[in-house]
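Quick one: this structure, given as structure tokens, is what I'll be asking you about.
Remember, it's a predicted structure, so these values are computed and weren't measured experimentally. The chains referred to below are lettered A, B, ... by the order of the sequence lines, with proteins before strands, and numbering in each begins at 1.
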Protein chains: 2
Amino acid sequence: MTQAMNKIEQDDRPLDNGLRQFMGYTLKRAYLTLRADMILSIEPLGLRTRTFSALSVVAENPDITQTQLACALNIERSGVVVLVDELQRAGLITRNKVPGDRRSYALRATTKGMATWKDAEARVLAHERQMLAGLTTEEQENLKVLLRRIGAGA
Amino acid sequence: MTQAMNKIEQDDRPLDNGLRQFMGYTLKRAYLTLRADMILSIEPLGLRTRTFSALSVVAENPDITQTQLACALNIERSGVVVLVDELQRAGLITRNKVPGDRRSYALRATTKGMATWKDAEARVLAHERQMLAGLTTEEQENLKVLLRRIGAGA
DNA sequence: TATTGTTATACTCTATAACTATA
DNA sequence: TATAGTTATAGAGTATAACAATA
């Protein structure tokens, strides 16, 4: 109360005023906002962001290996093991023998896995539609294009 | 090798093709790219993203309390304790007595803290300039505006 | 020797709950 | 009683290193 409180209240600038100038901070806020919503949209399917992403890649790339999946998801192979374990336990994907190489697995989404992926895809798209309702379709596309150009060099 | 590999190589679509349609995925990729670079830019100052943000808020809001800082950073009060401990140990901020309320602290950046904040601010701005070099100034501003409108409703 | 998948381990970030000292 | 700060603990998420089986 008193001193500190009064000082803050008299101040018309937000507390994070110094941070708002940064693209990184703005990006993080938007990311966390969208992420919190996305988690709720796929929770009913027993999926989390990581398993959602992994299921998507396996569903769209039949017979992908765990190492390739790790590469696609930008995570370590050790992390993929846990994800694949979880998806397999849920009956959404299978680890299949590869004829030519007995070291690796060919991952495939099961029928249930494909259905779950399509359901999850629709749910996330619906929630993004809601979260991005304040932007026109053109603005949404423009936003995606601009985001993809970050770090891409001049 | 063989089957899976061939299938992937023949495919002209990226492995994460199914994910690229989502704003959340696009946002996350951009965020992580920028974040990785940002971490390197403030590492020489002994700062990490969390302490950078906390130092910024304290520097710009003298006599702020820990609870207010938690609110500004969107984290719990328990998390603030660790951040303030770290910044205090580094001699960048101080915990000061509040005359009217013996429960709370009035946080202030030290002279060294203010200098460090200004230095960090300049470094991050320089690195963002580099990471966003592919975008015009108008595009960068437009990007920030669009990001701030996410989740803001129709 | 190199690679695939695996396990064990640890670190970061964050949250929850219970505690203390004040109010 | 409610609030500020604190502590302990736990949970994601991710990374590193060492290992066995296979190439």
Determine whether B:Leu47 and B:Leu87 make a side-chain contact, defined as any pair of heavy atoms from C-beta on separated by less than 4.5 Å.
yes
Nucleotide nearest B:Tyr105 (side chain, heavy atoms from C-beta), chosen from C:dG5, D:dT6, D:dA15:
D:dT6
Summary of side chain to side chain donor-acceptor pair (under 3.5 Å) pairs that have at least one residue in residues 15-30 of chain A, sequence neighbours excluded
A:Asp16-A:Arg20, A:Asp16-A:Tyr25, A:Gln21-B:Glu121, A:Tyr25-A:Arg29
Exam field: side chain B:Thr110 to backbone B:Leu92, donor-acceptor pair closer than 3.5 Å:
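Here the side-chain-to-backbone pair exists.
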Whole-Å gap separating C1' (C:dT6) and CD (A:Gln88)
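One finds 14 Å between C1' of C:dT6 and CD of A:Gln88, rounded.
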Tell me if a side-chain donor or acceptor on A:Gln140 pairs with a main-chain N or O of A:Leu132 at a distance below 3.5 Å.
yes
From NZ of B:Lys97 over to C1' of C:dA23, roughly how many Å is that when rounded to an integer?
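B:Lys97 atom NZ is separated from C:dA23 atom C1' by 15 Å.
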Taking only residues two or more places apart in sequence or in another chain, which ones pass side chain to side chain donor-acceptor pair (under 3.5 Å) with B:Gln88?
B:Arg95
hydrophobic_cluster_shared for A:Val81 and A:Leu107, side chain cutoff 4.5 Å:
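No: no chain of side-chain contacts under 4.5 Å links A:Leu107 to A:Val81.
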Value in whole Å for how far the C1' atom of D:dT6 lies from CD of B:Glu76:
14 Å
Just wondering, do B:Leu147 and B:Leu27 contact through their side chains at under 4.5 Å, heavy atoms?
yes
Let me know the distance between CG of B:Leu69 and P of D:dG5, rounded to the nearest Å.
9 Å
Single-linkage hydrophobic cluster B:Leu125~A:Leu19, side-chain heavy atoms < 4.5 angstrom
yes
Integer-rounded Å distance: C:dT4 P and A:Arg95 CZ:
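In whole Å, C:dT4 P and A:Arg95 CZ are 15 Å from each other.
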Residue-level proximity of residues 41-57 of chain A to DNA chain D when a heavy atom falls under 4.0 Å:
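Of all residues in residues 41-57 of chain A, the ones placing a heavy atom under 4.0 Å from DNA chain D are A:Arg48, A:Thr49, A:Arg50.
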Which nucleotide, D:dA15, D:dT6, C:dA15, lies nearest any side-chain atom of B:Gln66?
D:dT6
Starting at atom CG of A:Asn74, determine the distance to atom P of D:dT14, rounded to an integer number of angstrom.
10 Å
Any side-chain heavy atom of A:Val84 within less than 4.5 Å of one from A:Leu69?
yes
Keeping the roles fixed (side chain from A:Glu128, backbone from B:Gly24), state whether a donor-acceptor pair exists under 3.5 Å.
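Judged by distance alone, yes, a pair lies under 3.5 Å.
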Under 4.0 Å protein heavy-atom contacts per nucleotide of nucleotides 17-23 of chain D, with B for base, S for backbone only and - for none:
B----BS
Selection residues 49-88 of chain A - residue pairs positive for ring-ring contact (aromatic ring centres under 6.0 Å, His included), sequence neighbours left out:
A:Phe52-A:Trp117, A:Phe52-B:Phe22
Of all of residues 19-40 of chain A, which get a heavy atom below 4.0 angstrom from DNA chain D, listed by number?
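A:Arg35 - these, ordered by number, are the residues of the stretch whose heavy atoms sit under 4.0 Å from the strand.
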Taking atom C1' of D:dA4 as reference, at what distance in whole Å does atom CD1 of B:Ile64 sit?
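Roughly 14 Å, once rounded to whole Å.
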What's the CD1-C1' distance between A:Ile75 and D:dT14, to the nearest Å?
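Atom-to-atom, A:Ile75 to D:dT14, this comes out as 8 Å.
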